[in-house]
Amino acid sequence: MKNYKRILVTSALPYANGPIHLGHLAGAYLPADIYVRYQRLKKRDVVYICGSDEHGVPITIAAEKKGVSPQQIVDQFHARNKAAFAKFGMSFDYYGRTSSPMHHQTSQEMFINLNDKGVFIKKTEQQLYDAKARMFLPDRYVKGECPHCGFPEAYGDQCEKCGSSLSPTELINPISALTGDKPQQKETEHWYIPLGALQKQVEEWLATRQGWKPNVMGQVKSWLNEGLADRAVTRDLNWGVQVPLPHAEGKVLYVWFDAPIGYISATKEWAMEKGNPELWKTYWQNDDTRLVHFIGKDNIVFHCIMFPAMLIAHGNYVLPDNVPANEFLNLEGNKLSTSRNYAVWLEDYAEKFDIDPLRYYLAAIAPETKDSDFVWQEYLTRNNSELADILGNFTNRTLAFAKNQFTGTVPARGDLDELDREMLSTIARAPDEIGAAIENFEFRKALVLFMNVARAANKYFNDQEPWRTVKQNPAKCATTLNICLHACNALALLMAPVLPFSAAKAWAMMGHATDVHQQAWDDVRHMELPTGHQLGRVEILFRKMEEKEIEPEIERLKNIQAQPDNKPVVAEPTASISIDELAKVQLRVAKIVAAEKVEKADKLLKMDIQMGDEQRQIVAGIALHYSPEALIGKKIIVVANLQPAKIRGIESNGMLLAAQDDQGNLSLLGLDKDVNDGASVR
RNA sequence: CGCGGGGUGGAGCAGUCUGGUAGCUCGUUGGGCUCAUAACCCAAAGGCCGCAGGUUCAAAUCCUGCCCCCGCUACCA
């Protein structure tokens, strides 16, 4: 591995239109914080950067809903999220925001730089324009009927009913969400980054990456295999970083373009705060900086392809050494949903519970290789049986023993037996073993290794039976306790990255006046408590929790799940429709004149159908149930006025009707008596 | 449709790259100990490693097909 001189760590900039929940924390923030805290204890030069992502359409929508300005929205959530992170011990060196002047300036410089180099290409395209509001409509501001499922309230980017992704111009009868008017198509010009042209360079760079998680590299390769397309870096919107060119009024940088630049601008602000405005360059423009982005899996394409492509095109920035993206965290078996309030919010949690047990549990179930599940009952079990019973109780039994038998001081270490040496060796090995796991982004493993030290310490205590030797062999008892205290001391420091608050408490209990977070990780290998050292006050390190404390939380989530309107859109078919609505659907009899399988598609058939004078082509997913030959000549019922769609690149002008039962059996609708094709069905 | 990830005792996971007696934590059962937060320590029971084929002396691990779950240039880690 390359010999890096310093480390720059970033966590995904949280979007400032809502509060932070457990999923965010588990995916992008807690792992980064553990990593950074560890690196600091290793006495490495590390800077940890984060901040609020404050641009983009959703914020303007949120502002409009509440009748306030976008700035008010982001001000609110920037402050709240920053405070929430602080409560959970996120040790950012700087928490910036993308609405800051520095960020606007930095983003514009990046844009100008790439523009001057001729990186961008300009394209003119048709977009929907609301004449009354005098603005181009973002995808989300356009509503209309979904061309795939007919859902009347589909958005311009996606139909929430059938989940298909759309473009606004595909919608049937589009209306502006702003004014309710029918928008018109109007030309607009945008800057695009030609990712296809940069693909080779991105691939070459990726080929040099080592130690990337398979799920991350797999996803990246999937993107690259499909081939990268040109991607717009500007939008017609009045909230964001202005495009710094003449005649670009009303155009801002697309939020995906400016957000990652936020890492750079926040580092600049950090440097200025340190009184050394040029310092950011050391971290961003020196090859011997190790850049690590902590993100969730939804962000992989931005951090592994698009942002690097931008940086490559610029040429003067370091590229990420690793992007240890996490999968998703579920909650009590279900996906988190902010809109349904199905989440645990940091702000709520902090009011009721201790922070470290959550940090511990989330790190223990970190979705490193696959989605994981937060279960309150497991959280309680982990806290009680691991933190309290194994780690906390070991500290407690040791310190209580020292207090009762050795007046709260460290007894002398005498001759060592086999068990003593084994225990000391276990402690001495721990920092390297745990450290290696952390460096490898294996936080779950790090936690297991850490807890195993406490387990070994408990076993050692049991096996040496100091409560017996205290009467029969005081010197041996002293040695045992000396080593147990040594273990407590080591554990206090080893827990610091994951359990920062408890580590401080434990360190004080060991009688130190210093800050545990200022210690050196490697000292665990050889540090010793001097004989006679006065220990601190014995306190309970981790409180045992009771079921009744978490019951309301479980109950709350259950209730949300049970709410009927939360079974989104599935209930829709039961809604009754008017006769007029039915009349919109034109059903006709058609005769199949030709049919063939669609290549590389197991289920699709392409058919030519005859309806009176008219012949057209349709595509249907019935190949598993009907062979092409058997279909020719058959008369079927089709929806004649369904909007044309392309299915695997083949035009389909209509949809045939078929019944399907629970077992998946399929049966085409036919005719009871023969009728001429083209006849209408009513 | 395609692509990426995952499917291992009751629960949660490791092991899969580099085939060779299936491991850890919790839970269950039995025992030990009593310094300690009714904590700690030891032992046992419990798995046809998603399904079906194949390669091999040998497959959780390699190959092929299938099934199920999560995600996929979106406002969400």
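First the proteins, then the strands, lettered A, B, ... as listed; each starts at 1.
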message: Using a 4.0 Å heavy-atom cut-off, does A/Leu22 contact any base of the nucleic acid, only the sugar-phosphate backbone, or nothing at all?
response: nothing
- request: Please work out if A/Leu541 contacts a base, only the sugar-phosphate, or nothing of the nucleic acid, heavy-atom cut-off 4.0 Å.
  value: base
- prompt: For A/Glu203, what residues pass the salt bridge (Lys or Arg N to Asp or Glu O under 4.0 Å) criterion, not counting sequence neighbours?
  reply: none
- prompt: Can you tell me how far C1' in B/U8 sits from the matching atom in B/C69, rounded to whole Å?
  reply: 16 Å
message: Just to be sure I understand the rule, does A/Ala229 reach a base, reach only the sugar-phosphate, or reach nothing, if contact means heavy atoms closer than 4.0 Å?
response: base
- prompt: Can you tell me how far C1' in B/A45 sits from the matching atom in B/U29, rounded to whole Å?
  reply: 7 Å
field: Sugar-phosphate, base or nothing in reach of A/Arg382, heavy atoms under 4.0 Å
entry: nothing
- prompt: When the ring centroid of A/Phe120 is compared with that of A/Tyr192, is the distance short of 6.0 Å?
  reply: no
field: Same-atom distance (C1') from B/A44 to B/G2, integer angstrom
entry: 50 Å
field: Distance, C1' atom - from B/A22 to B/A14, rounded to whole angstrom
entry: 11 Å
message: Donor-acceptor check, side chain of A/Asn383 to backbone of A/Pro357, threshold 3.5 angstrom: yes or no?
response: no
- prompt: If we take the C1' atom in both B/G50 and B/A36, what is their distance in whole Å?
  reply: 45 Å
Touch class at under 4.0 angstrom, heavy-atom based, for A/Phe394 against every strand present: nothing
- prompt: Sub-3.5 Å donor-acceptor pair from the side chain of A/His303 to the main-chain atoms of A/Ile300, do we have one?
  reply: no
message: Please report the distance separating the P of B/C67 from the corresponding atom of B/G27, rounded so that it comes out in whole Å.
response: 39 Å
statement: Nearest-nucleotide check on RNA chain B, A/Tyr15 vs A/Asn458; residue mapping nearer the 5' end is A/Asn458
message: Expressed as a whole number of angstroms, how long is the span from A/Lys459:NZ to B/C24:P?
response: 14 Å
query: Any Lys/Arg nitrogen of A/Asp33 or A/Arg359 sitting under 4.0 Å from an Asp/Glu carboxylate oxygen of the other?
result: yes
Pairs: protein N or O with nucleotides 27-33 of chain B N or O, under 3.5 Å:
unit_1: B/G32; atom_1: N2; unit_2: A/Asn462; atom_2: ND2; d: 3.4

- prompt: Looking at residues at least two apart in the chain, or sitting in another chain, which of them share a side chain to side chain donor-acceptor pair (under 3.5 Å) with A/Ser337?
  reply: A/Ser339
- request: Please list every stem that involves RNA chain B, where a stem is a run of 3 or more consecutive Watson-Crick or G-U wobble pairs with both pairing distances under 3.5 Å.
  value: B:2-7 with B:67-72, B:10-13 with B:23-26, B:28-32 with B:40-44, B:50-54 with B:62-66
field: C1'-based separation of B/C41 from B/A52 [nearest Å]
entry: 46 Å
message: Using a 3.5 Å distance criterion without hydrogens, assess whether the side chain of A/Asn458 forms a donor-acceptor pair with backbone atoms of A/Ile390.
response: yes
query: Tell me: NZ of A/Lys445 to P of B/A14, nearest whole Å?
result: 12 Å
- request: Give one of base, sugar-phosphate or nothing for A/Phe294, where a contact means two heavy atoms less than 4.0 Å apart.
  value: nothing
field: Interatomic distance where CD belongs to A/Glu368 and P belongs to B/C70 [whole Å]
entry: 22 Å
Detail all sub-3.5 Å separations between protein N/O atoms and N/O atoms belonging to nucleotides 3-7 of chain B.
unit_1: B/C3; atom_1: O2'; unit_2: A/Ser222; atom_2: OG; d: 2.6
unit_1: B/G4; atom_1: O2'; unit_2: A/Gln219; atom_2: N; d: 3.4
unit_1: B/G5; atom_1: O2'; unit_2: A/Thr369; atom_2: O; d: 3.3

query: Can you tell me how far P of B/A38 sits from CG of A/Asn384, to the nearest Å?
result: 11 Å
- request: Answer yes or no for A/Arg382 and A/Tyr361: cation-pi contact, defined as NZ/CZ to six-membered ring centre under 6.0 Å and angle to ring axis within 45°.
  value: no
- request: Measure the distance from CZ on A/Phe443 to P on B/C13 and round it to the nearest whole Å.
  value: 18 Å
message: Under the salt bridge (charged side-chain N to carboxylate O under 4.0 Å, His left out) definition, can you give me all pairs with a residue in residues 370-381 of chain A, not counting sequence neighbours?
response: A/Lys297-A/Asp371
message: So A/Gly23, base contact, sugar-phosphate only, or nothing? Heavy-atom distance under 4.0 Å.
response: base
- prompt: What nucleic acid atoms does A/Glu378 come within less than 4.0 Å of, heavy atoms only: base, sugar-phosphate, or nothing?
  reply: sugar-phosphate
Distance, P atom - from B/C63 to B/U18, rounded to whole angstrom: 10 Å
- request: Check every strand shown and say whether A/Asn393 touches a base, only sugar-phosphate, or nothing at a heavy-atom separation below 4.0 Å.
  value: base
statement: From the candidates B/U37, B/C13, B/U25, the one with an atom nearest any side-chain atom of A/Lys544 is B/U37
message: Nearest whole Å is fine: how far is B/C13 P from A/Leu362 CG?
response: 14 Å
- line: Partner of A/His293 under ring pair (Phe, Tyr, Trp, His ring centres under 6.0 Å), picked from A/Tyr263, A/Phe441, A/Tyr35, is A/Tyr263
- prompt: Does A/Tyr48 have its ring centroid less than 6.0 Å away from the ring centroid of A/Phe92?
  reply: yes
message: Treating A/Thr60 as the side-chain partner and A/Val57 as the backbone partner, does any N or O pair qualify as donor plus acceptor under 3.5 Å?
response: yes
query: Are the aromatic rings of A/Tyr95 and A/His78 close, with centres under 6.0 Å apart?
result: yes
- request: Give the rounded distance in Å between these two atoms: CG of A/Leu224 and C1' of B/U73.
  value: 12 Å
- prompt: CD of A/Gln377 versus C1' of B/G10: gap in Å, rounded?
  reply: 15 Å
task: Identify, between A/Ile365 and A/Ile295, the residue whose nearest nucleotide on RNA chain B lies closer to the 5' end.
output: A/Ile365
field: Within the 6.0 Å centroid threshold, strictly below: A/Tyr349 and A/Phe88
entry: yes
